[in-house]
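In what follows, a single structure is set out as structure tokens and then discussed.
Letters go in sequence order (proteins before strands), and every chain restarts at 1.
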Amino acid sequence: MYKLIRNSISNKIDTVKRLSDNAYIPFDEANTDYQEYLEWLAEGNTPEPADE
Amino acid sequence: MTRAVDVAGRELPPNTALGVRNLIINGDMRIAQRSTSVAGVTANGYYTVDRWFSVCSPTSGIGTWTDEQSTDVPAGQGFTHSLKRTCTTADASPASTDIAQILQNIEGQNMVSLKKGTANAESATLSFWVKSNKTGTYTVEWRDSDNNRQICASYIISSADTWEKKTITFAGDTVSPFVYDNSSCGNISFNLAAGSAFTSGTLATSWASRNIANLAVGQTVNLADAVNNYINITGIQLEVGEEATTFEHRPYDMELQRCMRYYELINDSNYNSYGVMSGGTSQFFAGCIDYKTIKRATPTITITGSFLIQGNSNQPGTTGMGTQGIGKRSVYISGTGAGSNVVNGYSYNLLDVNGYIKVDAEL
């Protein structure tokens with residue numbers, strides 16, 4: 001499971017938090033954790049929304 | 001004037017790197033930022049020595065393992081550490097798609113010297129020291145994941161519980177170049193056990209399109225077939241050319257820096273400063289922490305354990321530590337101070353009690 005994280009400076013959502021170990025994963029296609037997240041999304045899953 | 005250089009008894013022109021010629025990082029297993037020993041390994045992952053990835057079959061599992069940074073090394077070779085995998089729960093009959101490996105993923109842009117995919121493609125030689133209680137035939141695969149190609153080889157451990165040096169030369173590949181970027185172009189995999197799906201073909205001893213049936217053909221050893229089976233390996237070197245030169249003992253700080261491009265554990269001793277934080281409203285604080293090395297890619301950040309923020313005559317603990325922005329050079333983190341001691345506009349030192357920050361940009 002994942003939760004979207006909003007960058008407090010840019011106010012853009014550019015990170016996702018992996019809830020199993022509280023790892024913050026940036027939206028970088030060269031990051032292997034982000035690649036796993038994209039696979040998880042492709043399986044039809046949906047992350048928790050970012051805090052407002 | 002270009003002078004020939006005596007390498008392995010041959011006069012060779014210095015047209016390949018004489019320093020930093022080992023394409024493998026942490027081949028002598030000295031760097032272990034994550035841990036020096038992890039028991040109960042049943043899943044793929046990075047556990048102990050940096051850059052070395054343990055494969056434990058992504059499907060049905062193949063035994064249980066302890067991974068460790070061992071001090072058992074071949075005598076008189078200048079090594080201080082090896083990587084050891086020990087079977088702690090056996091799997092005498094692996095399923096067809098079960099496989100156990102030790103591998104290193106390699107960044108594409110570090111492989112330009114091989115001239116792969118050109119008429120001048122270079123041969124490369126893999127050398128390493130290995131020891132196991134299990135004698136027999138083992139296999140190695142060099143996987144080109146950019147082009148879905150492979151070349152493989154076998155080697156024999158002849159004497160149980162005895163360090164042996166192995167050398168394998170791979171021909172150059174004139175067909176397909178690596179992609180010279182910051183992603184993995186493939187890996188060198190040492191097979192420890194393999195089901196029939198990996199052994200039913202013909203060992204791919206020349207570069208060819210990848211077929212998993214051809215990657216471990218002839219592997220007689222199933223290192224998972226009994227408890228306490230083990231393998232130690234160190235001195236792994238992959239270099240351009242058809243000769244295995246003496247292992248390149250690089251300075252510790254150089255090797256650590258190279259490892260930190262992929263993974264950095266920020267973990268100073270207790271109560272050392274990680275960086276300066278600025279106080280905000282409602283006990284909020286935030287600040288930037290620089291990495292020691294620029295990362296391969298924007299890394300995953302994990303913050304664990306307890307911290308304090310010191311300043312304004314107080315040392316409140318922290319809660320809710322997280323990131324506000326992640327870059328390849330630094331991470332901007334934030335949290336909330338305990339009590340009512342964080343003052344808006346004041347500066348604080350972030351100190352660890354038993355906390356650490358994992359910065360992970362591994363391949």
Side-chain angles (χ1 to χ4, degrees), chain A, chain B residues 43-46 53 58 105 107-109 145 179 181-185 187 261-263 278 280-282 284-289 294-305 319-336 355-363:
Chain A
M1 291 289 292
Y2 297 88
K3 179 179 180 179
L4 297 170
I5 301 296
R6 187 182 306 277
N7 185 317
S8 66
I9 301 168
S10 67
N11 202 36
K12 294 180 179 176
I13 295 171
D14 60 6
T15 304
V16 65
K17 185 178 181 180
R18 187 170 57 207
L19 299 178
S20 60
D21 62 353
N22 292 328
Y24 290 83
I25 300 167
F27 290 0
D28 180 346
E29 292 187 356
N31 181 303
T32 54
D33 293 316
Y34 183 61
Q35 292 166 8
E36 286 184 12
Y37 169 69
L38 293 178
E39 291 174 8
W40 182 82
L41 284 182
E43 292 168 359
N45 297 298
T46 304
E48 295 179 15
D51 294 334
E52 292 300 325
Chain B
N44 296 349
Y46 291 94
F53 185 83
N105 290 308
E107 187 173 341
Q109 57 196 347
S145 55
V179 177
D181 64 7
N182 64 339
S183 295
S184 174
C185 67
N187 53 57
R261 175 170 172 78
Y262 305 91
Y263 180 89
S278 296
T281 57
S282 303
F284 180 83
F285 66 86
C288 187
I289 297 177
I294 298 172
K295 296 294 171 277
R296 176 193 66 83
T298 315
T300 297
I301 303 291
T302 309
I303 305 170
T304 305
T319 59
M321 297 274 285
T323 68
Q324 296 294 325
I326 304 172
K328 293 180 183 177
R329 296 171 182 268
S330 62
V331 58
Y332 193 65
I333 68 168
S334 68
T336 302
Y356 53 89
I357 300 172
K358 294 190 287 187
V359 183
D360 192 342
E362 258 298 356
L363 289 165

Are the side chain of B:R296 and the backbone of A:A30 linked by a donor-acceptor contact shorter than 3.5 Å?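 Yes, because the side chain of B:R296 sits within donor-acceptor range (under 3.5 Å) of the backbone of A:A30.
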Sidechain-backbone polar pair: A:D28 side chain, B:A297 backbone, donor-acceptor under 3.5 Å: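 Judged by distance alone, no pair lies under 3.5 Å.
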Spatial distance of atom CG (A:N22) from atom OG1 (B:T304) [nearest 0.5 Å]: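 One finds 8.0 Å between CG of A:N22 and OG1 of B:T304.
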From A:K17 NZ over to B:I301 CD1, what is the distance, rounded to the nearest 0.5 angstrom?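 If we round to the nearest 0.5 Å, A:K17:NZ and B:I301:CD1 are 13.5 Å apart.
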Between chain A and each of B:G327, B:G322, B:A286, B:S334, count heavy-atom pairs under 4.5 Å; write down the option with the most.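 Of the options given, most contacts go to B:G322.
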Measure across A:R6 and B:Q324 and return the closest heavy-atom pair with its distance rounded to 0.1 Å.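 Heavy-atom minimum between the residues: O-OE1, 4.3 Å.
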Quick check: closest heavy atoms across B:T300 and A:A23, and the distance to 0.1 Å?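 Heavy atoms only, the tightest pair is CG2-CB, 3.6 Å.
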Shorter than 4.5 Å, heavy atoms on both sides: which option in A:T32, A:D33, A:I25, A:N31 has the most such pairs with chain B?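 Most heavy-atom pairs under 4.5 Å with chain B: A:N31.
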Would you check if A:Y24 and B:I326 make a side-chain contact, meaning some heavy-atom pair closer than 4.5 Å?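 SC-SC contact between A:Y24 and B:I326 confirmed.
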Is it the case that over 12 heavy atoms from other parts of the model lie below 6.0 angstrom from the CD atom of A:Q35?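 More than 12 within 6.0 Å, yes.
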